[in-house]
Structures are given as C-alpha cells and as structure tokens.
Colleague: 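Please read through the structure below; I'll follow up with questions.
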Number of protein chains: 2
Amino acid sequence: MFKKSTHFDLLVYLLEHRANEVPLKASTTELGDDLGVSQQTVSRWLIEMEQAGFLERKHEGIMLLPLFMEQMEELYHTLKDVYEAPDSFTLEGELVRGMSDGKYYLGLPGYTEQVKEKLGFTPFEGTLNVLLKSKDMKKPLLYAHGIDLEGFFQGGRTLGSAKCFPCKVNGKVDGAIIIPLRSHHGPEVLEIISSVDLRKKLKLKDGDRVEVEVLR
Amino acid sequence: MFKKSTHFDLLVYLLEHRANEVPLKASTTELGDDLGVSQQTVSRWLIEMEQAGFLERKHEGIMLLPLFMEQMEELYHTLKDVYEAPDSFTLEGELVRGMSDGKYYLGLPGYTEQVKEKLGFTPFEGTLNVLLKSKDMKKPLLYAHGIDLEGFFQGGRTLGSAKCFPCKVNGKVDGAIIIPLRSHHGPEVLEIISSVDLRKKLKLKDGDRVEVEVLR
DNA sequence: ATTACTAAAAGCCGAGTAG
DNA sequence: TCTACTCGGCTTTTAGTAA
C-alpha cells in the first residue's frame with residue numbers, strides 16, 4: 001500500500017503463501033528481501049507477532065494461527081461489504097415472544113433519544129423478535145458497520161451499546177434491526193424496533209413467518 | 001489489528017463508514033479518538049494520504065478515491081482467495097491459434113528448467129491458447145497468488161516473469177496456466193503449458209470448446 | 001469550535017555482530 | 001548458514017500553540 005512495508009504486509013504475505021494451511025519455510029532474510037525491509041526487522045516482527053499469538057514458528061516453518069485468521073476475517077467481511085454490497089438483502093424467520101428486554105430499554109430516554117436522532121423515528125416501546133432459520137443468516141450483520149447507539153450508565157447499571165440497520169418488515173413497515181453488543185439473545189434471534197407496534201400493525205402472532213429486508 | 005493504529009486503520013475506518021460512496025464528515029479529533037491516536041497524527045495522515053491520491057477532502061467531508069479503492073480491491077481478492085477458496089474452479093473458452101510466443105519462450109532453458117523444478121514436468125514446446133468467453137473469468141487468477149517463474153536476461157533481451165496455476169484440461173490432461181506479467185495477449189486469452197502436446201493429445205482443433213479446471 | 005505547524009520525546013529501523 | 005541482540009540514527013508521534 002505504502003512504499004515501506006509494515007507488520008501487516010508481512011501477515012498478508014504469509015496469507016498469500018497459504019501459511020494458514022501449510023507451514024511456510026522462509027528465512028528472515030528471504031522475507032526481508034521480498035518485503036523490502038531488513039532481516040532484523042522481519043526477525044523483530046515475527047517475534048512480536050508470535051507474542052501476539054498471531055503466528056507460530058516450528059521446524060516445519062511459519063504458521064498463521066486461528067486468532068489472526070479470525071481477526072483477518074473481520075477485515076475480509078468489511079471489504080466484502082464494500083465491494084459486493086447489494087442494496088438490500090432479506091432475512092426470514094418466525095415470530096417469537098421476546099424476553100421483553102427490548103421493552104425495558106426502549107423506555108429509557110437514553111436510547112429513545114438516540115434512536116430519534118440517528119434513525120429518525122420515535123420507537124414504539126417493544127421489539128419484534130424474529131427467530132431466524134439459521135444463525136448464520138445474521139453473520140453479515142454482525143460484521144457489517146451499522147448505525148451505532150452508545151451505551152450509558154443509568155441507575156447504577158451499565159447499559160450496553162448496540163448497532164442498528166434500517167429494515168422493512170414483510171415488505172410493508174419500516175423499522176430497524178437492533179443488535180446489542182452483549183445480547184441475551186442467541187445469534188439466531190433478530191430484534192426489530194419501529195415507530196409502530198409491528199405485531200399489531202402487521203397482524204402477526206407467534207410462529208408467523210416474518211420477512212425482514214435489510215436496507216442500506 | 002495491533003494496539004496502535006496506523007494509516008491503514010484510518011483507511012479501513014473510512015471504508016467502514018462508506019467514505020467511498022458518501023463523503024464522511026468527521027473532525028481530526030473525532031477520528032483520532034476513534035482510532036486511539038492524537039488529532040495531530042490524524043491530521044498528518046490525512047495530508048499524506050491526500051498527497052498519495054488515496055482520498056480527497058472537500059467541504060462535504062472526506063472521500064476515498066478510486067486509486068485507493070483499486071488497491072484495496074487487490075487485498076480483498078487476496079482475502080477472498082483465502083477465506084472462500086474452493087478446491088478448484090473451471091474456466092471455459094474456445095481453442096485459438098497462439099501467437100507462438102509460448103513456443104519461443106518454452107525453448108529457452110531459463111524457463112524450462114524453472115517449470116521442471118517448480119511445476120514438476122518438462123514442458124512441451126508450445127502453448128494451448130484458450131479464448132475465454134468473458135475476460136472477467138480470468139480476474140481471480142490475476143489477483144491470486146500462483147507459482148512464480150522468474151524473468152531473466154538472454155541475448156540482450158529481458159524476458160518477463162510469469163506466474164502459473166496447475167490445471168486440468170478437458171478433465172483429462174494435467175498442465176499449467178501460465179500468465180506472463182507483461183502479456184501480449186489480452187486478458188481474455190489463457191495460455192496453457194503441459195508435458196505433452198495438448199492439441200494432439202486431446203484431438204483439438206481451432207474453435208473447439210475447452211474446459212480448464214484450475215487446481216490448487 | 002476547527003486544522004496544522006514546530007519541536008521535543010518516543011519509537012522504530014537496520015548495521016554490526018554474537019551465538 | 002541461521003536468528004536475534006545492541007545501539008546510533010532516523011522517523012513518527014504528540015503536546016503546545018497559532019491561525
């Protein structure tokens with residue numbers, strides 16, 4: 001990217017050489033030459049990244065560890081989001097009864113004001129909870145960058161922050177998916193807020209099929 | 001990635017905030033806080049990256065420029081390659097007459113020895129040229145990391161380097177796609193080498209449909 | 001409020017070199 | 001050969017501050 005290589009370039013180099021699958025046998029001199037830095041610098045970088053738990057050096061060579069692969073996957077999803085972003089995509093699931101956490105939080109001014117400001121509507125006091133068919137369906141949202149609601153203190157408790165994605169429910173009513181950073185729900189439940197009572201407006205009952213179109 | 005942020009982190013931050021589509025209005029102080037560096041550092045970084053042609057600052061905010069988006073796309077493809085790598089994929093096209101460059105190069109010991117050593121076969125003196133249906137089909141190969149053949153000097157000329165991908169032609173014969181770094185072919189022609197005369201072995205004539213399975 | 005300059009401190013790089 | 005230490009010098013960061 002820039003003239004001078006960095007730790008990051010070394011890691012990308014290792015990735016390119018599939019050091020996540022097969023140990024890469026390469027001397028620090030070799031790596032330094034390829035990256036345009038000194039042997040000493042590569043040596044130092046490798047030590048640092050080994051200490052960080054990003055890689056491992058054995059007799060067979062250098063291997064990238066899962067810790068790094070996971071962190072890199074986040075970047076991958078960020079880039080995928082940018083380069084392959086569709087204008088919208090749809091999640092499907094069935095309506096379930098919420099744990100009523102949503103109702104509590106949405107009663108607090110700290111949240112409602114942020115929703116008003118950042119999403120442009122006053123939230124109805126209650127969330128629509130949708131059980132997704134597969135928990136993987138939510139994965140893109142977990143990685144994607146959404147609209148952030150900040151956490152805050154209230155009554156001696158810390159209320160966690162969350163991120164939102166504008167959405168349209170059953171092709172009719174606008175709302176927003178809200179994903180708390182530390183959710184009580186498993187990753188397969190989608191919480192949706194709206195300016196109206198979605199359950200009533202869409203005449204939904206538990207077990208009904210719900211279609212959520214995530215907008216951008 | 002590491003504790004301390006870098007230029008790169010700022011660029012990723014901008015990407016996450018869609019500064020490639022919509023100008024991002026953010027002060028250097030804000031950015032510094034989010035990235036964990038000082039306002040001054042962000043200021044300097046922005047100046048540097050503006051000079052590098054990576055971004056542009058106007059009254060509407062910060063925008064990422066195509067130059068950067070293209071460079072980042074390369075990293076994206078690298079990561080895609082790692083995280084979504086199928087064991088193989090297939091390219092289709094029709095046989096065309098080569099410019100016979102291949103024949104010339106493959107007669108030179110400099111190349112044949114490298115092929116022998118790195119690909120494990122002695123190349124037949126001639127290449128199979130496949131005209132792809134779409135030039136985009138070749139794109140993954142252009143980005144992917146292959147087996148490198150180094151360029152060298154010979155008779156006063158510089159012969160460019162190339163990269164290879166092992167492949168199987170028409171599901172039967174093994175060979176390798178060879179992509180010169182500075183190709184005379186357009187991006188829609190695939191050059192394939194093999195230990196045998198592919199044209200004869202597979203009883204192919206110009207215009208015949210050819211299937212090339214790229215192996216890893 | 002904002003950005004960006006200066007200058008001193010902190011951190012990083014690589015030549016030399018030991019093991 | 002190889003890796004990794006030391007240390008002088010160069011680069012980057014940030015506090016202070018001007019515009």
Side-chain angles (χ1 to χ4, degrees), chain A residues 1-17 19-20 22-65 68 71 113-114 117-118 148 150, chain B residues 1-20 22-65 68 71 117-118 150:
Chain A
M1 186 77 40
F2 288 97
K3 310 143 203 181
K4 195 110 194 183
S5 286
T6 63
H7 291 77
F8 186 79
D9 293 298
L10 172 52
L11 290 166
V12 172
Y13 180 98
L14 294 173
L15 264 185
E16 281 175 343
H17 288 75
N20 55 318
V22 187
L24 176 67
K25 245 189 144 28
S27 73
T28 51
T29 311
E30 234 174 290
L31 294 173
D33 286 349
D34 284 357
L35 291 167
V37 294
S38 72
Q39 171 271 319
Q40 292 88 334
T41 296
V42 173
S43 171
R44 210 184 46 254
W45 286 354
L46 286 174
I47 292 168
E48 286 162 8
M49 298 197 294
E50 202 166 7
Q51 280 167 359
F54 283 0
L55 56 84
E56 184 178 57
R57 283 190 290 175
K58 294 197 273 188
H59 278 79
E60 308 95 279
I62 304 166
M63 275 223 83
L64 292 168
L65 296 177
F68 167 72
Q71 293 201 19
E113 270 166 36
Q114 280 192 69
E117 184 198 331
K118 296 179 182 173
D148 289 326
E150 281 151 41
Chain B
M1 186 77 39
F2 288 98
K3 310 143 202 180
K4 195 108 194 185
S5 286
T6 63
H7 290 78
F8 186 78
D9 294 296
L10 173 52
L11 290 167
V12 171
Y13 180 98
L14 294 173
L15 263 185
E16 281 175 342
H17 288 77
R18 314 203 149 261
N20 55 318
V22 187
L24 175 67
K25 243 188 146 29
S27 72
T28 51
T29 311
E30 234 174 290
L31 293 172
D33 286 349
D34 285 358
L35 293 167
V37 295
S38 70
Q39 171 271 317
Q40 292 88 335
T41 295
V42 172
S43 171
R44 192 164 32 76
W45 285 355
L46 286 175
I47 292 168
E48 285 163 9
M49 298 195 295
E50 203 166 6
Q51 281 167 358
F54 283 0
L55 55 82
E56 184 176 59
R57 284 190 288 174
K58 293 196 272 187
H59 279 81
E60 308 94 278
I62 303 165
M63 275 223 82
L64 292 168
L65 295 177
F68 167 72
Q71 293 202 20
E117 184 198 330
K118 297 179 181 172
E150 281 152 41

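Each chain gets a letter, A, B and so on, in the order the sequences are listed, and its residues count up from 1. Predicted model only: the values in this text are computed from it and were never measured.
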Colleague: What is the distance, rounded to the nearest whole Å, between atom CG of Leu31(A) and atom P of dG14(C)?
Modeller: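 For the pair Leu31(A) CG and dG14(C) P, the rounded distance is 14 Å.
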Colleague: Any non-hydrogen side-chain atom of Leu14(A) less than 4.5 Å from a side-chain atom of Leu55(A)?
Modeller: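 Yes. Closest side-chain heavy atoms under 4.5 Å.
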Colleague: Taking the side chain as everything from C-beta on, heavy atoms only, tell me whether Phe68(A) gets closer than 4.5 Å to Asn20(A).
Modeller: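 A side-chain contact under 4.5 Å is absent here.
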Colleague: Tell me: CD of Gln51(B) to C1' of dA4(C), nearest whole Å?
Modeller: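 So the two atoms are 12 Å apart, to the nearest Å.
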Colleague: How many Å lie between CD on Glu48(A) and C1' on dC5(D), as a whole number?
Modeller: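 Taking atom C1' of dC5(D) as the reference, CD of Glu48(A) is at 14 Å.
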Colleague: Take atom CG of Asp33(A) and atom C1' of dG14(C), then tell me their distance rounded to the nearest Å.
Modeller: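 Going from Asp33(A) (CG) to dG14(C) (C1'), I get 13 Å.
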Colleague: Using atom CD of Glu30(B) as one end and atom C1' of dT2(C) as the other, report the distance to the nearest whole Å.
Modeller: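 Rounded to the whole Å, the gap is 12 Å.
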Colleague: Measuring from the side chain of Gln40(B) (C-beta onward, heavy atoms only), which nucleotide among dT3(D), dG16(D), dT3(C) has the closest atom?
Modeller: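 Within the option list, the nearest is dG16(D).
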Colleague: Would you mind reading off the distance between Ile47(B) atom CD1 and dT12(D) atom P, rounded to a whole angstrom?
Modeller: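 Those two atoms, CD1 and P, are 14 Å apart.
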Colleague: With a cut-off of less than 4.0 Å, is there a side-chain N or O of Arg57(B) near OP1 or OP2 of dT2(C)?
Modeller: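 For Arg57(B), the contact criterion (side-chain N or O under 4.0 Å from OP1 or OP2 of dT2(C)) is not met.
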Colleague: Are the side chain of Asp34(B) and the backbone N or O of Leu31(B) linked by a donor-acceptor pair below 3.5 Å?
Modeller: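 No.
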Colleague: Rounded off to whole Å, could you give me the NZ-to-P distance for the Lys58(A) and dC2(D) pair?
Modeller: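 For the pair Lys58(A) NZ and dC2(D) P, the rounded distance is 22 Å.
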Colleague: Would you say Ser38(B) reaches dT13(D)'s phosphate, i.e. side-chain N/O to OP1/OP2 under 4.0 Å?
Modeller: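 Ser38(B) to dT13(D) OP1/OP2: no side-chain N or O under 4.0 Å.
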Colleague: According to a strict under-4.0 Å criterion, is Arg44(B) in side-chain N/O contact with OP1 or OP2 of dT13(D)?
Modeller: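 Yes, such a contact exists.
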Colleague: Looking at dT3(C), I'd like to know if its phosphate oxygens (OP1 or OP2) sit under 4.0 Å from a side-chain N or O belonging to Thr28(B).
Modeller: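 Yes, within the criterion.
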Colleague: Any heavy-atom pair between the side chains of Met49(B) and His7(B) that's under 4.5 Å?
Modeller: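 The answer is yes, as the side chains (C-beta and beyond) meet within the 4.5 Å cut-off.
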Colleague: Over how many whole Å does the gap from Trp45(B) atom CH2 to dC5(C) atom C1' extend?
Modeller: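 Taking atom C1' of dC5(C) as the reference, CH2 of Trp45(B) is at 18 Å.
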Colleague: For the side chain of Gln39(A), starting at C-beta, report the closest nucleotide among dA4(D), dT2(C), dT14(D).
Modeller: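 So the side chain of Gln39(A) is nearest to dA4(D).
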Colleague: From C-beta outward on Thr41(B), which listed nucleotide comes closest to its side chain: dT3(D), dG14(C), dT13(D)?
Modeller: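 From the listed options, dT13(D) comes nearest.
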Colleague: Just wondering, do His17(B) and Leu64(B) contact through their side chains at under 4.5 Å, heavy atoms?
Modeller: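 Of all side-chain heavy-atom pairs linking His17(B) with Leu64(B), none is under 4.5 Å.
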Colleague: Hey, does Ser27(A) reach any base, or is it just sugar-phosphate, or nothing, if we go heavy atoms under 4.0 Å?
Modeller: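 If one applies the 4.0 Å heavy-atom cut-off, Ser27(A) turns out to touch the sugar-phosphate alone, with no base involved.
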